[in-house]
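Report on one structure; see the data block that follows.
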2 protein chains.
Amino acid sequence: MPTCFIDFLSALIVLSGMLENTPYHHGHLRQSLIDEGLKALEQSGLESLSLRALAESLGVSKTAPYRHFATKRDLLTVLAAEGYQLFADKLEEWEKELINIKGKERLNRIYKVYGEFALGNPELYRLMFSRLGNSLHSERCRINAQRSFAVLIRLAEGMLDSQKDPRSLVLSLYANLHGWAMILLDDIIPPDVGVNSENWQEFALKPELY
Amino acid sequence: MPTCFIDFLSALIVLSGMLENTPYHHGHLRQSLIDEGLKALEQSGLESLSLRALAESLGVSKTAPYRHFATKRDLLTVLAAEGYQLFADKLEEWEKELINIKGKERLNRIYKVYGEFALGNPELYRLMFSRLGNSLHSERCRINAQRSFAVLIRLAEGMLDSQKDPRSLVLSLYANLHGWAMILLDDIIPPDVGVNSENWQEFALKPELY
DNA sequence: TATCAATGTAGGCACTGCCAACAAATAATT
DNA sequence: AATTATTTGTTGGCAGTGCCTACATTGATA
């Protein structure tokens with residue numbers, strides 16, 4: 001069955017729900033839970049995301065979500081997978097833009113791009129890189145996490161003069177990127193140091209200091 | 001009133017509680033909540049720490065803790081403050097040990113020591129550097145966080161050749177340390193990369209690669 | 001000795017995740 | 001086309017949570 005036809009039927013269902021009283025079957029519940037979940041996540045934070053509230057805001061009974069996700073954690077895992085996919089897509093996109101940029105400037109751009117994702121999707125990023133979200137037993141999470149990591153490796157290799165094992169470099173880079181992301185997201189630096197989400201890049205990368 | 005006398009009275013109260021049935025007043029509730037809270041935190045994790053369970057395990061009613069902590073968050077803030085103090089103490093202690101160690105070896109030791117704390121107190125570390133715990137409006141948290149940061153600055157200055165602003169170096173170092181801590185605590189690296197809490201230091205610091 | 005503030009208890013409210021039993025609508029089978 | 005089975009909803013309920021109000025007990029204070 002073609003997708004556009006499904007969309008058409010769905011539209012009919014949605015319309016009929018708006019005219020008559022809401023139908024017994026939602027029709028889109030699984031996807032709606034994901035969409036609304038991502039929205040609620042970013043708006044209200046991970047801590048206060050609840051299946052019941054989600055269900056209510058979709059006009060559906062409190063236990064309806066359990067027909068699609070066995071536990072709340074399963075929903076969160078899917079949300080994280082969504083995030084990992086988005087992240088990998090973004091990274092591959094940015095990789096193309098950086099193809100002709102070398103050396104220190106490349107490093108600067110990587111920081112910029114990584115920070116943009118983390119600070120642009122703070123709650124999603126936090127979920128992805130938490131015990132809740134990093135569930136690598138989830139196929140989708142694992143695959144897309146590896147895609148992201150592969151991009152980082154390729155980006156790092158482009159900066160590596162020697163033919164050494166790039167793992168050390170990419171892991172150092174990764175720790176730095178993730179460290180900065182968490183530091184900025186969770187406001188860890190004492191305020192008198194004068195670092196914030198605007199100027200952090202001035203401090204982030206000073207390899208000549210080592 | 002001397003401390004030892006208070007301790008003696010407390011011991012009496014505890015003893016009487018063991019002989020007769022538990023007395024109406026606990027006597028040590030605030031401190032017991034902190035101690036038991038730290039224990040439960042490390043044993044069962046931050047997510048499943050509950051005031052009610054804590055109260056029950058101390059043989060006290062479910063609302064008794066609210067006589068000492070207005071909200072659950074307030075208890076967590078105190079636990080975090082406890083962590084920050086412990087952290088600062090450890091760092092200052094280690095600073096003395098590193099006083100005659102210079103250059104790259106010093107850097108290695110800093111990584112070792114920082115990792116030991118984070119991996120040795122995983123739940124406490126996570127609490128301290130989360131939105132819940134990093135409450136810098138708490139005097140004790142702020143003061144001890146600054147103490148820790150000050151140690152890091154001094155340690156970094158000892159490695160700095162030039163007379164430049166040490167903030168960049170210390171912030172890079174900090175991002176790296178915290179990044180590695182979170183990466184190891186939350187199992188973020190894809191397993192096929194082959195990094196774990198045993199061998200991470202082999203990868204952590206390769207400044208010559210930059 | 002009477003009073004009072006500190007520190008405990010009991011009951012309850014609103015919320016949560018999730019389980020079991022039942023109902024409706026859609027898909028599959030005869 | 002009629003019947004059956006499966007999917008996807010609903011209601012009610014359980015145990016757990018943070019935290020509020022009202023009340024009880026106690027040691028310190030006047």
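First the proteins, then the strands, lettered A, B, ... as listed; each starts at 1.
One interatomic measurement links the two molecules: CG of B:L58 to P of C:dT9, which rounds to 11 Å at whole-angstrom precision. Atom CG in A:D74 sits about 13 Å away from atom P in C:dG17, given to the nearest Å. In this entry the distance linking CG of A:L75 with P of C:dT16 reads 14 Å, nearest Å. Whole-Å rounding puts the A:R67 CZ to D:dG9 C1' distance at 7 Å. In this structure, the NE2 atom of B:H28 is 16 Å from the C1' atom of C:dA6, given to the nearest Å. Rounding to whole angstrom units, CZ of residue A:F69 and P of D:dG9 are separated by 11 Å. Rounded to an integer number of Å, the gap from B:L132 CG to D:dG18 P is 12 Å. Across the protein-nucleic acid pair, A:L46 atom CG and C:dT16 atom P stand 15 Å apart, rounded to whole Å.
Here A:S61 lies in heavy-atom contact (under 4.0 Å) with a base.
Using a 4.5 Å heavy-atom cutoff, the side chains of B:F149 and B:L171 are in contact.
Nearest to the side-chain atoms of A:T63 among the listed nucleotides D:dG12, D:dG9, C:dG8 stands D:dG12. The side chain of B:L51 approaches D:dG18 more closely than any other nucleotide in the set D:dG18, D:dT10, C:dC18. Considering only the side chain of B:Y66, D:dG18 comes nearest among C:dT16, D:dG18, D:dT10.
Under 3.5 Å, the side chain of B:R52 and the base of D:dG16 form no donor-acceptor pair of N or O atoms. Counting distance only, with no hydrogens placed and no angle test, the side-chain atoms of A:K62 and the base atoms of D:dG9 include no donor-acceptor pair under 3.5 Å.
In this structure, the side chain of A:R142 does not engage the main chain of B:P190 through any donor-acceptor pair within 3.5 Å. For A:N144 (side chain) and A:F87 (main-chain N/O), no donor-acceptor pair under 3.5 Å exists by modelled atom type. With hydrogens and angles disregarded, a donor-acceptor distance shorter than 3.5 Å links the side chain of B:E42 to the backbone of B:L124.
One finds a side-chain N or O of B:H68 lying less than 4.0 angstrom from the OP1 or OP2 phosphate oxygen of C:dG8.
No option in B:L185, B:D186, B:L184 other than B:L185 meets the side-chain contact (heavy atoms from CB on, under 4.5 Å) test with B:P122.
When each of B:R30 and A:R73 is assigned the nucleotide of DNA chain C with its nearest heavy atom, B:R30 is the one assigned upstream, toward the 5' end.
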